[in-house]
Amino acid sequence: MRKIYIMPDVIGQMNITHDEESMIRYENLMICMSTSPILSLAAILTYYFQSTLSINPVTERIAASLILIGLAMVMEISSRILKTQRLAQHIQTITLSTALFFIILEFYSVFGPAVWTLATCLAVLAMMRTKKVCW
């Protein structure tokens with residue numbers, strides 16, 4: 001199996017696969033490829049805006065950016081290194097939930113109720129990651 005680095009390749013592979021394990025792997029990869037760059041960009045923008053507005057001290061700015069970069073790296077590692085898709089799926093769900101909690105706490109004072117829009121999107125992504133159980 002060749003390495004997949006761009007989203008159109010992932011979608012193409014999802015269209016031709018019939019195996020459930022492969023489909024879950026591609027879903028995990030797609031979630032990672034979409035959220036990891038967003039979290040990395042959020043880390044850069046967080047530091048930039050907090051620096052220009054002088055909202056927090058330097059240590060808090062750096063800590064907030066490092067937390068977001070750490071969450072982005074966990075997303076990358078969970079989908080690309082872990083071979084067990086169930087474990088990767090659980091780690092990604094926990095990471096998205098942590099990002100949701102952190103974004104609400106960190107940015108509510110700046111953006112107000114608009115944070116709930118992003119929080120809702122992250123909550124929907126986290127809920128999509130849970131395994132459906134048939135009774």
Side-chain angles (χ1 to χ4, degrees):
M1 178 175 280
R2 69 185 183 94
K3 297 282 184 181
I4 300 174
Y5 295 107
I6 58 175
M7 193 68 76
D9 288 345
V10 174
I11 294 171
Q13 290 295 322
M14 285 179 79
N15 285 335
I16 62 174
T17 190
H18 299 290
D19 182 28
E20 183 179 355
E21 185 71 22
S22 296
M23 187 66 77
I24 291 172
R25 182 176 161 274
Y26 293 132
E27 286 176 357
N28 289 342
L29 194 58
M30 220 159 85
I31 291 292
C32 163
M33 292 174 82
S34 61
T35 57
S36 182
I38 292 171
L39 289 172
S40 298
L41 182 64
I44 295 167
L45 291 176
T46 297
Y47 185 79
Y48 174 74
F49 284 125
Q50 288 183 355
S51 294
T52 56
L53 298 174
S54 298
I55 295 173
N56 293 331
V58 176
T59 55
E60 289 183 23
R61 289 181 234 158
I62 292 173
S65 294
L66 287 177
I67 288 171
L68 288 171
I69 287 175
L71 291 171
M73 290 179 67
V74 167
M75 289 296 287
E76 284 292 327
I77 289 170
S78 68
S79 71
R80 302 201 188 263
I81 294 177
L82 294 176
K83 298 298 179 193
T84 307
Q85 295 306 313
R86 187 174 176 96
L87 179 62
Q89 194 171 18
H90 288 305
I91 288 175
Q92 289 174 358
T93 302
I94 290 168
T95 305
L96 285 173
S97 300
T98 305
L100 167 71
F101 183 70
F102 178 74
I103 288 171
I104 289 172
L105 289 179
E106 184 69 24
F107 299 115
Y108 191 77
S109 63
V110 177
F111 296 113
V115 170
W116 290 110
T117 304
L118 179 62
T120 303
C121 294
L122 285 175
V124 167
L125 283 174
M127 287 188 295
M128 285 176 26
R129 307 302 307 150
T130 58
K131 180 106 173 137
K132 276 62 172 187
V133 177
C134 297
W135 293 93

First locate atom CG of Asp9, then atom CE of Met30, and finally report the distance between them rounded to the nearest 0.5 Å.
13.0 Å
Taken to the nearest 0.5 Å, the spacing of Ile16 CD1 from Ile11 CD1 works out to 13.0 Å
Name each donor-acceptor pair under 3.5 Å that joins a side chain in residues 61-74 to protein atoms two or more places apart or in another chain, with its distance.
| unit_1 | atom_1 | unit_2 | atom_2 | d |
| --- | --- | --- | --- | --- |
| Arg61 | NE | Asn56 | O | 2.8 |
| Arg61 | NH1 | Ser51 | OG | 3.3 |
| Arg61 | NH2 | Asn56 | O | 2.9 |
| Ser65 | OG | Ala43 | O | 3.0 |
| Ser65 | OG | Arg61 | O | 3.2 |

Going by side chain to side chain donor-acceptor pair (under 3.5 Å), name the residues that satisfy it together with Thr46, two or more places apart in sequence or in a different chain.
none
If you look at every heavy atom in Cys32 and Met75, which pair is closest and at what distance?
SG-O, 3.4 Å
Which other residues end up in the same hydrophobic cluster as Ile94, if Ile, Leu, Val, Met, Phe, Trp and Tyr are linked when side-chain heavy atoms come under 4.5 Å apart?
none
Are Ile31 and Ile38 co-members of a hydrophobic cluster defined by side-chain heavy atoms under 4.5 Å apart?
no
Please check if the side chain of Thr17 supplies one atom and the backbone of Met14 the other of a donor-acceptor pair under 3.5 Å.
no
d(Asp19 CG, Tyr26 OH) to nearest 0.5 Å is 9.5 Å
Cluster question for you: counting only ILVMFWY and a side-chain heavy-atom cut-off of under 4.5 Å, with indirect links fine, are Leu39 and Ile44 together?
no
Between CD of Gln13 and OG of Ser22, what distance do you get to the nearest 0.5 Å?
9.0 Å
Interatomic spacing from CZ in Phe102 to OG1 in Thr95 - rounded to 0.5 Å:
14.0 Å
Mind checking the CG-CD spacing from Leu87 to Gln92? Nearest 0.5 Å is all I need.
10.0 Å
